[in-house]
Amino acid sequence: MKMNKMMVALLSTCMMACLATGAQAAEKMKIAMVVKNLGNGFFDAAHEGANEAAKQLGDVEIIYTGPTTATAEGQIEIISSLISQKVKAIVISANDANALVPITKKAMQRGIKVISFDSGIARDGRLLQLNPSSPALIGQKQIEMASDAIGGAGEIAILSATAQATNQNIWIAEMKKTLAQPAYSKIKLVSTVYGDDQSDKSYREAIGLLRSNPNLKAIIAPTTVGINAAGKAVVDEKLVGKVYVTGLGLPSEMAGHVKSGAVKSFAIWNPIDLGYAATYAAHQFVTGKATGKAGESIAVGRMGKLTVDAVGEAALAPPFTYDKDNVEKFSKIF
Ligand code: RAM
């Protein structure tokens, strides 16, 4: 069959269109979300938010990754490989504020936009730190919940994530500031332990706290992994009604603990929104719409605008409190 002019024209239009589609697909902007550790429900929810932002933005491909245990070493290896993969941005919840700085600086020298979210990197190792909420509010909130649960007096302990976690360490410092206020003078912090955001280690540490502190009234776990493990430990040690667990948890993981009575209330922000906003912000940096300078306003889609403060940080909304009246409803979302 001989091709007429019309057919040739159609064919070449199609070839051009096909090539263009292929090129577009190949050129999608790669944004890597590097989390503290894999298998953590909190980060699974943040990933969901990242995917939502990518879908809305249209030209983004998300690479979701993280080490199996929450270490800086694991994240350093991952970032090295992301540099070779020529990603455009890295959105990271850091396992250490300082240990990651040399590698993220290297990434930035290669033109990769680095943003930390949730758990921050020191200022010269990133362009923006997105806090879920104000650290002071997060610290205060947890002391208030513990105080309410135990009637304002008694011994409490903290079960944290890793000893180097930027976010938990800031929140613990804020909790201590709150405890120093006269309203909390009858509450005594007797111990701080670390479950490394691993369920089994967190459980063992919680059991240890309960057994070595017979007068303990509350465990505050500022980590979704820790609070879940502590709730189980209180039930297993038959201490429901004697020791209360509070802190930061996911409604989907905590509903059972509220039901058992091990937990009266806990708090958290929406991790889907956090992952969404961080990814959206990364896109703004890559497209030159954000630089991270103090006072800048960064549009982040359905989450509105972020305002960069004097130390290159921004924050989303205040933490939300959950108890028996609302935990079931939210457990279906995250
Ligand atoms: C864990 C992680 C995360 C923290 C939450 C509250 O999932 O440590 O960094 O923000 O808890």
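Order of listing sets the numbers, starting from 1, for every ligand and every atom in it.
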Quiz item: Would you say the ring centroid of Phe320 lies under 6.0 angstrom from that of Phe330?
Solution: yes

Self-check item: Non-hydrogen atom of Val225 closer than 4.0 Å to ligand 1
Solution: no

Exercise. Please round to the nearest 0.5 Å and tell me the distance separating atom CD1 of Ile138 and atom CD1 of Ile172.
Key: 12.5 Å

Quiz item: Do NZ/NE/NH1/NH2 and the carboxylate oxygens of Lys105 and Asp124 come within less than 4.0 Å?
Solution: yes

Exercise. Distance to 0.1 Å, residue and atom name: give those for the protein heavy atom nearest to atom 10 (O) of ligand 1.
Key: Asp118 OD1, 2.6 Å

Quiz prompt | Part of Thr224 with heavy atoms under 4.0 Å of ligand 1, whether side chain, backbone, both or neither | solution = both

Practice problem: Would you kindly say whether Thr71 and Asn95 are connected by a side-chain donor-acceptor distance under 3.5 Å? | Solution: no

Quiz item: Can a salt bridge be assigned to the pair Glu313 and Arg123 using a cut-off of 4.0 Å between side-chain N and carboxylate O?
Solution: no

Quiz item: Can you tell if the side chain of Thr246 reaches within under 4.5 Å of the side chain of Asp148, non-hydrogen atoms only?
Solution: no

Quiz item: To which protein heavy atom is atom 8 (O) of ligand 1 closest, and what is the distance rounded to 0.1 Å?
Solution: Asp197 OD2, 2.6 Å

Quiz prompt | Side chain, backbone, both or neither: the part of Asn167 lying under 4.0 Å from ligand 1 by heavy atom | solution = side chain

Exercise. Using a strict 4.0 Å cut-off to heavy atoms of Phe43, name the atoms of ligand 1 that fall inside it.
Key: 3 (C), 9 (O)

Quiz item: Hey, does Lys36 come in under 3.5 Å of ligand 1, counting only N/O atoms on both sides?
Solution: yes

Quiz item: Short list, please: which atoms of ligand 1 are under 4.0 Å from a heavy atom of Trp171?
Solution: 10 (O)

Self-check item: ligand 1 contacted by Phe117 (non-hydrogen, < 4.0 Å)
Solution: no

Quiz item: With a 4.0 Å cut-off, would you call Glu174 and Lys177 a salt bridge?
Solution: yes

